Peer 1: 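Please read through the structure below; I'll follow up with questions.
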Number of protein chains: 2
Amino acid sequence: MKDKKKELTKNQKIVLDFIQKSNKPVKAYSILSNVSKKGLKAPPQVYRALEKLMEVGEIHKIESLNSFVACNSKCIEPNGTIFSICKSCDQTKEVSNTELFKFLSDIKDMNGIELSGYNLELFGTCKTCKT
Amino acid sequence: MKDKKKELTKNQKIVLDFIQKSNKPVKAYSILSNVSKKGLKAPPQVYRALEKLMEVGEIHKIESLNSFVACNSKCIEPNGTIFSICKSCDQTKEVSNTELFKFLSDIKDMNGIELSGYNLELFGTCKTCKT
DNA sequence: AATATTTTGTTATAATATAACATTACCTTC
DNA sequence: GAAGGTAATGTTATATTATAACAAAATATT
Ligand SMILES: [Zn+2]
Ligand SMILES: [Zn+2]
Ligand SMILES: [Zn+2]
Ligand SMILES: [Zn+2]
């Protein structure tokens, strides 16, 4: 069984490395300017890498921030994500989701929709920003 | 106690009307082209209206679609929204959220964040698209 | 009426994302 | 190892989404 990261291509690794080193969600064009020294010079190179990294669950997109963050929950099923987001500093934290998944089954039934994924974004103020 | 809609300005009413008549989430530039006959000719006019309408809870933004939809749950607290979204046709349905709010309190504690809002987007395939 | 405030209008531009095609690297198979 | 195929990368251009900054008009307040 191969290491997931080994399956990634050069550009995908470059982009993932940068995202993992960031302590906050990062925007595509911020990634671009930060990895330009490594040879990625145009948006499609970054967006292609982002797309693949999301597919394999290495990163997630924070929709409300148009930003990307490394997965810290070893998401096997990247179809369900939960993040808490500080409205003041944009710091995010991935929430583990075992309990919630069960809960969401009920909501599925309520809407007659065959559920295949979800994204929950919780907004608030983090401890640091509250003081 | 005044009617919420009465407090809206001309442009806000125009934009809201269009969104309410749409049976799907609509994009800002689609709104713009559809209300241009009513005098709104530039993006800021639409975006300003959208901002206000979100503030007062008349509409919500579907972040994963960059689209806007009328509130159908008479959201008093527009801080928590739940939508089911068909990945095939982009149809959405607002889910009432009484049960979930309680559930989210726990998640708040899990992250040491003072929660003030949330947005849950559930993805799946609607009945129509499944057949 | 004069003044302040809010809303609207307008121009320009920023920020986010993708389409389309060219080139290179990397396999495979003969 | 040349020929041909596939995947990855590079490149240019453009589409889409959103906001800044300022001007004009409408509305409210004094
Ligand atoms: Zn994850
Ligand atoms: Zn914070
Ligand atoms: Zn609502
Ligand atoms: Zn559908």
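As the structure is a computational prediction, the values presented were derived from the model and not from experiment. Below, chains carry the letters A, B, ... as their sequence lines are ordered, and counting in each starts from 1.
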Peer 1: Counting side-chain heavy atoms from C-beta on, which of dA17(C), dT10(C), dA20(C) comes nearest to Arg48(A)?
Peer 2: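 Of the options given, the side chain of Arg48(A) lies nearest dA20(C).
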Peer 1: Between dT19(D) atom P and Leu32(B) atom CG, what is the distance in whole Å?
Peer 2: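 Spelled out: CG on Leu32(B) to P on dT19(D) is 14 Å.
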Peer 1: Starting from the 5' end of DNA chain C, give me the residue, Glu63(A) or Gly39(B), whose nearest nucleotide shows up first.
Peer 2: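 The residue whose closest nucleotide sits nearer the 5' end is Gly39(B).
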Peer 1: With a 4.0 Å cutoff (strictly under), does any side-chain N or O of Thr9(A) reach OP1 or OP2 of dA7(D)?
Peer 2: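 No, because none of the side-chain N or O atoms of Thr9(A) sits under 4.0 Å from OP1 or OP2 of dA7(D).
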Peer 1: Please confirm whether the shortest side-chain N or O distance from Asn11(A) to OP1 or OP2 of dG10(D) is below 4.0 Å.
Peer 2: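 So the side chain of Asn11(A) is within the cut-off, an N or O lying under 4.0 Å from OP1 or OP2 of dG10(D).
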Peer 1: Examine dT19(D): is either OP1 or OP2 under 4.0 Å from a nitrogen or oxygen in the side chain of Tyr47(B)? Give yes or no.
Peer 2: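 For dT19(D), neither OP1 nor OP2 has a side-chain N or O of Tyr47(B) closer than 4.0 Å.
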Peer 1: Could you tell me the separation between the CD atom of Glu51(B) and the P atom of dT17(D), rounded to a whole number of Å?
Peer 2: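 The answer, rounded to whole Å, is 18 Å.
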Peer 1: Within this structure, what is the CE-to-C1' distance between Met54(A) and dT16(C), rounded to whole angstrom?
Peer 2: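 Checked: the CE to C1' distance equals 13 Å.
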Peer 1: Phosphate oxygens OP1/OP2 of dG10(D): is one of them under 4.0 Å from a side-chain N or O of Gln45(A)?
Peer 2: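 Affirmative; the distance criterion is met.
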Peer 1: Roughly how many Å is it from NZ in Lys52(B) to P in dT7(C), rounded to a whole number?
Peer 2: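 The answer, rounded to whole Å, is 6 Å.
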Peer 1: Only one of Val69(B), Leu120(B), Leu65(B) clears side chain to side chain contact (heavy atoms under 4.5 Å, CB included) with Phe83(B); which?
Peer 2: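 Only one option passes, and that is Val69(B).
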Peer 1: Roughly, in whole Å, what's the span from CG in Leu8(A) to P in dT9(D)?
Peer 2: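 Roughly 10 Å, once rounded to whole Å.
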Peer 1: Could you check how far CG of Leu40(B) sits from C1' of dT11(C), rounded to whole Å?
Peer 2: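 It works out to 16 Å between those atoms.
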Peer 1: To check you understand the geometry: which heavy-atom pair defines the closest contact between Phe68(A) and Ile19(A), and what is its length?
Peer 2: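 Closest heavy-atom pair between Phe68(A) and Ile19(A): O-CG2, 4.0 Å.
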Peer 1: Hey, is the side chain of Lys38(B) poking within less than 4.0 Å of OP1 or OP2 on dT8(C), counting only N and O atoms?
Peer 2: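 Result: no.
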Peer 1: Side chain of Lys24(A), backbone of Cys89(A): donor and acceptor closer than 3.5 Å?
Peer 2: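 Present.
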Peer 1: From the set dA17(C), dT8(C), dT9(D), return the single nucleotide nearest to any side-chain atom of Lys10(A).
Peer 2: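 Per side-chain heavy atoms of Lys10(A), the pick is dT9(D).
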Peer 1: Between C1' on dA25(C) and CD on Gln12(A), what's the gap in Å once rounded to a whole number?
Peer 2: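 Taking atom C1' of dA25(C) as the reference, CD of Gln12(A) is at 15 Å.
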Peer 1: Give a yes/no on whether any side-chain N or O of Lys27(B) is located under 4.0 angstrom from OP1 or OP2 of dT17(D).
Peer 2: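 True: Lys27(B) side-chain N/O within range (under 4.0 Å) of dT17(D) OP1/OP2.
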Peer 1: Given 3.5 Å as the limit, does a donor-acceptor pair link the side chain of Glu51(A) with the main chain of Arg48(A), or not?
Peer 2: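 Side chain of Glu51(A) to backbone of Arg48(A), a donor-acceptor pair under 3.5 Å: no, none is there.
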Peer 1: Whether the side chain of Tyr29(B) and the base of dA18(D) hold a donor-acceptor pair under 3.5 Å is what I'd like checked.
Peer 2: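 Checked by distance alone, the answer is yes.
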Peer 1: So what does Lys61(B) hit on the nucleic acid, given a heavy-atom distance under 4.0 Å: a base, only sugar-phosphate, or nothing?
Peer 2: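 Since only primed, P, OP1 and OP2 atoms lie under 4.0 Å of Lys61(B), the category is sugar-phosphate.
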Peer 1: Would you say Asn66(A) places a side-chain N or O within less than 4.0 Å of OP1 or OP2 belonging to dT17(D)?
Peer 2: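 So the side-chain polar atoms of Asn66(A) never come under 4.0 Å of the phosphate oxygens OP1 or OP2 of dT17(D).
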Peer 1: Would you say Gln91(A)'s side chain and Asn23(A)'s backbone share a donor-acceptor pair under 3.5 angstrom?
Peer 2: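 Side chain of Gln91(A) to backbone of Asn23(A): a pair is present.
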